[in-house]
J.: 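The structure's right below; bear with me while I get my questions together.
For ligands, and for the atoms within them, numbers begin at 1 and follow the listed sequence.
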Amino acid sequence: MTTVIDGKKAAASVIEAVTRAATDLEKDTGRRPGLAVVLVGTDPASQTYVASKSRMAKECGFTSVQHTLSEETTQEALMALVAELNADPSVDGVLVQLPLPKHLDSEKVIQSILPEKDVDGLHVVNAGKLATGDSETGLVSCTPAGAMILVRSIHGRDLSGLNALVIGRSNLFGKPMAQLLLAANATVTIGHSRSRDLPALARNADILVAAVGRPEMVKADWVKPGATVIDVGINRIAAPERGEGRTRLVGDVAFPECAPVAGAISPVPGGVGPMTIAMLMANTVIAAYRAEGKPAPKF
Ligand code: GUN
């Protein structure tokens with residue numbers, strides 16, 4: 001029987017541990033973890049994401065502040081806000097929602113966040129710490145950290161002898177995911193649009209992680225029988241069967257045909273998605289413990 005990995009349940013258990021850690025910290029120091037989320041412009045998807053991040057932060061017992069700037073905000077104004085949040089001791093985590101409007105240089109903004117407050121794990125210092133195996137002082141990008149918890153729920157912490165394929169090589173997901181799998185002793189391949197034979201690479205993978213942003217690209221004959229398949233894609237496609245103009249969410253994996261072949265598979269929605277926000281909360285409470293000079297909880 002194929003295991004359908006329950007991301008909602010895994011996320012709820014992370015959130016419970018984060019909430020407990022936040023309560024303990026407040027009892028101990030009188031201070032709550034603080035998360036500042038910055039949104040520039042009015043992109044509806046970003047508004048939804050930011051609202052759920054702020055809501056979840058409150059549910060975890062954090063101080064949550066949202067800064068909404070207009071579409072016309074200048075680079076200087078945005079960088080000045082980040083500098084202000086960097087200097088504010090009540091703020092442990094700073095998240096600037098991406099993508100930013102085109103006239104802004106996102107890389108410059110992200111790299112101006114203090115690495116110890118970079119709860120998105122996107123600062124080069126945090127990427128470097130992950131690559132060099134420093135899990136004690138670095139912060140790991142939320143989606144790969146969450147996907148890794150799902151992998152662990154199936155295989156445990158030691159992936160020795162297992163072949164893993166990550167499809168996608170972004171800084172936000174593919175590269176950090178590959179580093180996490182490598183740190184857990186998997187034999188890791190990164191596949192991408194210029195790879196020669198992705199289906200063949202995939203058929204060799206005991207752990208197949210898809211993050212390409214192409215709806216249902218991974219087919220049943222890509223999946224090694226019994227493999228663990230983690231689907232990171234969130235694609236909205238037309239769903240005329242639900243009525244005119246209706247849409248539905250699908251991942252990068254053709255779930256109905258791949259599920260019977262896989263040993264374990266994460267669905268979309270309800271797989272990796274809920275883990276991303278949970279790991280943002282985890283990173284924020286970790287940053288708060290470190291700011292107070294206390295050993296941080298592990299997730
Ligand atoms: N936009 C989509 N995903 C993310 C994310 O993980 N972090 C940020 N900052 N923006 C995003």
J.: Between Leu122 and ligand 1, which residue portion shows a heavy-atom distance shorter than 4.0 Å: side chain, backbone, both, or neither?
T.: neither
J.: Looking at Asp88 and Lys117, is any side-chain nitrogen of the basic one under 4.0 Å from a carboxylate oxygen of the acidic one?
T.: no
J.: Any non-hydrogen side-chain atom of Val14 less than 4.5 Å from a side-chain atom of Met279?
T.: yes
J.: Show which atoms of ligand 1 fall inside a sub-4.0 Å distance from at least one heavy-atom site of Asp120.
T.: 5 (C), 6 (O), 7 (N), 8 (C), 9 (N)
J.: Less than 4.5 Å apart, any side-chain heavy atom of Ile207 and any of Asn163?
T.: no
J.: Below the 3.5 angstrom mark, is there an N/O of Val96, backbone or side chain, next to an N/O of ligand 1?
T.: yes
J.: What about Gln97: any of its N or O atoms under 3.5 Å from an N or O on ligand 1?
T.: yes
J.: When you compare the side chain of Val166 with that of Leu181, does any pair of heavy atoms fall below 4.5 Å?
T.: yes
J.: Identify the closest protein heavy atom to atom 3 (N) of ligand 1: which residue and atom is it, and at what distance?
T.: Leu172 CD2, 4.2 Å
J.: Mark yes when over 12 heavy atoms from residues, nucleotides or ligands other than Arg236 sit less than 6.0 Å from its CZ; otherwise mark no.
T.: yes
J.: Judging by distance only, is a nitrogen or oxygen of Leu98 under 3.5 angstrom from one on ligand 1?
T.: yes
